[in-house]
Amino acid sequence: MQNKDSSVQATFNSVARRYDLINRLMTLGSHQTWCREVAARATSFPGRDYLDLATGTGVIAREIRKQYPAASITGADFSDSMLALARQINGGDGIEWQFADAHDLPFADASFDAVTHGYLLRNVSDLDKVLAEQFRVLKPGGVVSALESSPPAGPLAPVIRLGMRIVIPTLGQFIGKDRASYEYLVDSTLGFLSPEALRERFIKAGFEDVQVKPKYLRTNMIWSARKPS
Ligand SMILES: C[S@@+](CC[C@H](N)C(=O)[O-])C[C@H]1O[C@@H](n2cnc3c(N)ncnc32)[C@H](O)[C@@H]1O
């Protein structure tokens, strides 16, 4: 594991307990709705085998369960603390929670009809490897559906950047008792790829039909892409 990944892993182990609450506050309650949309995009395609990567406390995995009770769902993450919470929350019946690093997935080629993830890509040390792994474990015709943050752009960008720099570490300090981890979350969002650059990386990994839907002043994006049949 690269240094960046070990430090990201330590960060998420540290923020796990208050993560969902702060996430709700940071997104003014929209996170759940976006996760529902990510799940709906995945379940709208034929198939029953789902992988929710970087599952955290399992919000997207449980949305898939709600929308498609007969689905076979694996929720995978490399934070033991996040997985421990995911196991305790109601609504995850039958979901298999599994430790896994997104750079090196412990699944056979062509195992899943859809791979979902929320806020994974800005955290990884090797984006191309992570997308290649998703491509490998998807069946031909399978889809990726994902929520990712996006650096602010356009005339409001300086104001949004300033707001993020003030509000998010303050929430982290007072609610999560961990300002440094939430400063990391802001830095990783502001330093992440533009939607145009990320689209190119999906295409480079072999995906087609790459679509993106902006949310929340374009600071969040719902992505979908398909592995050719
Ligand atoms: C910001 S949280 C999002 C959790 C959940 N998807 C959500 O939307 O609420 C990011 C998650 O990605 C996980 N993560 C980051 N890098 C990872 C990697 N290389 N492999 C597996 N999980 C990773 C973290 O442990 C953390 O649980």
Side-chain angles (χ1 to χ4, degrees), residues 1-27 29-39 41-42 50-65 73-89 91-92 95 97-107 114-134 137 144-150 164 168 171-172 176 178 181-190 192 215-216 219-223:
M1 199 184 282
Q2 305 281 322
N3 282 348
K4 169 170 174 168
D5 303 311
S6 315
S7 132
V8 165
Q9 190 180 41
T11 296
F12 283 105
N13 278 329
S14 156
V15 301
R17 203 170 58 84
R18 290 301 177 113
Y19 179 77
D20 280 347
L21 172 61
I22 296 186
N23 217 4
R24 260 201 303 280
L25 294 171
M26 282 190 306
T27 63
S30 300
H31 176 249
Q32 183 81 35
T33 312
W34 298 335
C35 288
R36 196 168 300 139
E37 201 171 322
V38 167
R41 179 87 188 138
Y50 294 85
L51 170 63
D52 181 38
L53 257 182
T55 194
T57 61
V59 182
I60 296 173
R62 282 189 302 278
E63 277 299 330
I64 296 171
R65 168 61 73 236
I73 307 166
T74 302
D77 202 289
F78 76 170
S79 160
D80 283 320
S81 306
M82 287 287 198
L83 286 172
L85 287 166
R87 288 189 180 96
Q88 285 166 21
I89 299 174
I95 297 175
W97 304 107
Q98 188 165 340
F99 183 96
D101 183 344
H103 295 89
D104 188 14
L105 294 175
F107 307 112
V115 173
T116 56
H117 47 90
Y119 302 138
L120 168 65
L121 299 179
R122 68 168 195 248
N123 289 306
V124 302
S125 61
D126 188 341
L127 175 66
D128 294 325
K129 178 89 170 61
V130 165
L131 291 178
E133 277 293 87
Q134 294 178 25
V137 301
V144 172
S145 173
L147 170 66
E148 293 294 336
S149 49
S150 192
M164 287 171 75
I168 297 175
L171 287 173
D178 182 354
S181 293
Y182 286 88
E183 278 171 345
Y184 161 75
L185 293 188
V186 176
D187 288 342
S188 61
T189 294
L190 297 182
F192 191 45
K215 302 278 176 189
Y216 211 49
T219 57
N220 283 255
M221 304 273 164
I222 293 184
W223 288 88

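Computed from heavy atoms alone, side chains included, the values below leave out hydrogens, waters and symmetry copies. Indexing begins at 1, ligand by ligand and atom by atom, following the structure's order.
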- Query: Within less than 4.0 angstrom of ligand 1, does Leu120 place any heavy atom?
  - Reply: yes

- Nearest to atom 19 (N) of ligand 1, what protein heavy atom do you find, and at what distance? Asp101 OD1, 3.0 Å

- Nearest-0.5 Å distance that lies between atom CZ in Arg87 and atom CH2 in Trp97: 9.0 Å

- Message: For ligand 1, which is the ligand I care about here, please tell me if Ala102 has any N or O atom under 3.5 Å from one of the ligand's N or O atoms.
- Response: yes

- Proximal ligand 1 atoms for Ala100, defined as those under 4.0 Å from one of its heavy atoms: 20 (N), 21 (C)

- Message: Distance alone, cut at 3.5 Å: any donor-acceptor contact between the side chains of Thr55 and Asp52?
- Response: yes

- Query: Does ligand 1 have an atom that lies less than 4.0 angstrom from a heavy atom of Ile60?
  - Reply: no

- For the residue pair His117 and Glu148, confirm or rule out a side-chain donor-acceptor distance under 3.5 Å. yes

- Would you say ligand 1 has an N or O under 3.5 Å from any N or O of Tyr19? no

- Query: How far is atom 10 (C) of ligand 1 from its nearest protein heavy atom, and which residue and atom name does that atom have?
  - Reply: Tyr119 O, 3.5 Å

- Query: Which option, Val59, Asp77, Asp20, owns the non-hydrogen atom nearest atom 13 (C) of ligand 1?
  - Reply: Asp77

- Message: Given His31, Gln32, Lys129, identify the one with the heavy atom nearest to atom 7 (C) of ligand 1.
- Response: His31

- Query: Relative to the heavy atoms of Met82, which atoms of ligand 1 are at a distance of less than 4.0 Å?
  - Reply: 27 (O)

- Task: Would you confirm whether Asp77, through its side chain, and Gly56, through its main-chain N or O, come within 3.5 Å as a donor-acceptor pair?
- Result: yes

- Message: Considering Ser81, Ala54, Ala76 one by one, which has a heavy atom nearer to atom 6 (N) of ligand 1 than any of the others?
- Response: Ala54

- Task: For the residue pair Trp34 and Tyr216, categorise the inter-ring angle as parallel (less than 30°), tilted (30 to 60°) or perpendicular (more than 60°).
- Result: perpendicular

- Gap separating the CZ atom of Arg65 from the CD1 atom of Ile95, nearest 0.5 angstrom: 5.5 Å

- Item | Between CG on residue Asp178 and CD on residue Glu183, distance to nearest 0.5 Å | 9.5 Å

- Query: Taking the six-membered ring for Trp, are Tyr119 and His31 ring centroids under 6.0 Å apart?
  - Reply: yes

- Item | Heavy-atom closest pair, residues Ala16 and Leu85 | O-CD1, 3.3 Å

- Task: Just need the protein heavy atom nearest to atom 3 (C) of ligand 1, so name the residue and atom and give the distance.
- Result: Gly118 O, 3.4 Å

- Task: Report yes if some N/O of Asn123 lies less than 3.5 Å from some N/O of ligand 1; otherwise report no.
- Result: no

- Query: Going by the atom numbers of ligand 1, which of them fall below 4.0 Å from some non-hydrogen atom of His103?
  - Reply: 19 (N)

- Item | Polar side chain donor-acceptor pair, Asn123 to Tyr184, under 3.5 angstrom | yes

- Task: Determine whether the side chains of Ser149 and Arg122 contain a donor N or O and an acceptor N or O closer than 3.5 Å.
- Result: yes

- Can you list the atoms of ligand 1 that are under 4.0 Å from a heavy atom of Gly56? 4 (C), 27 (O)

- Task: Flag Cys35 as yes when one of its N or O atoms lies below 3.5 Å from any N or O atom of ligand 1, and as no otherwise.
- Result: no

- Item | Protein residue, atom and distance nearest to atom 15 (C) of ligand 1, heavy-atom basis | Phe78 CE2, 3.5 Å

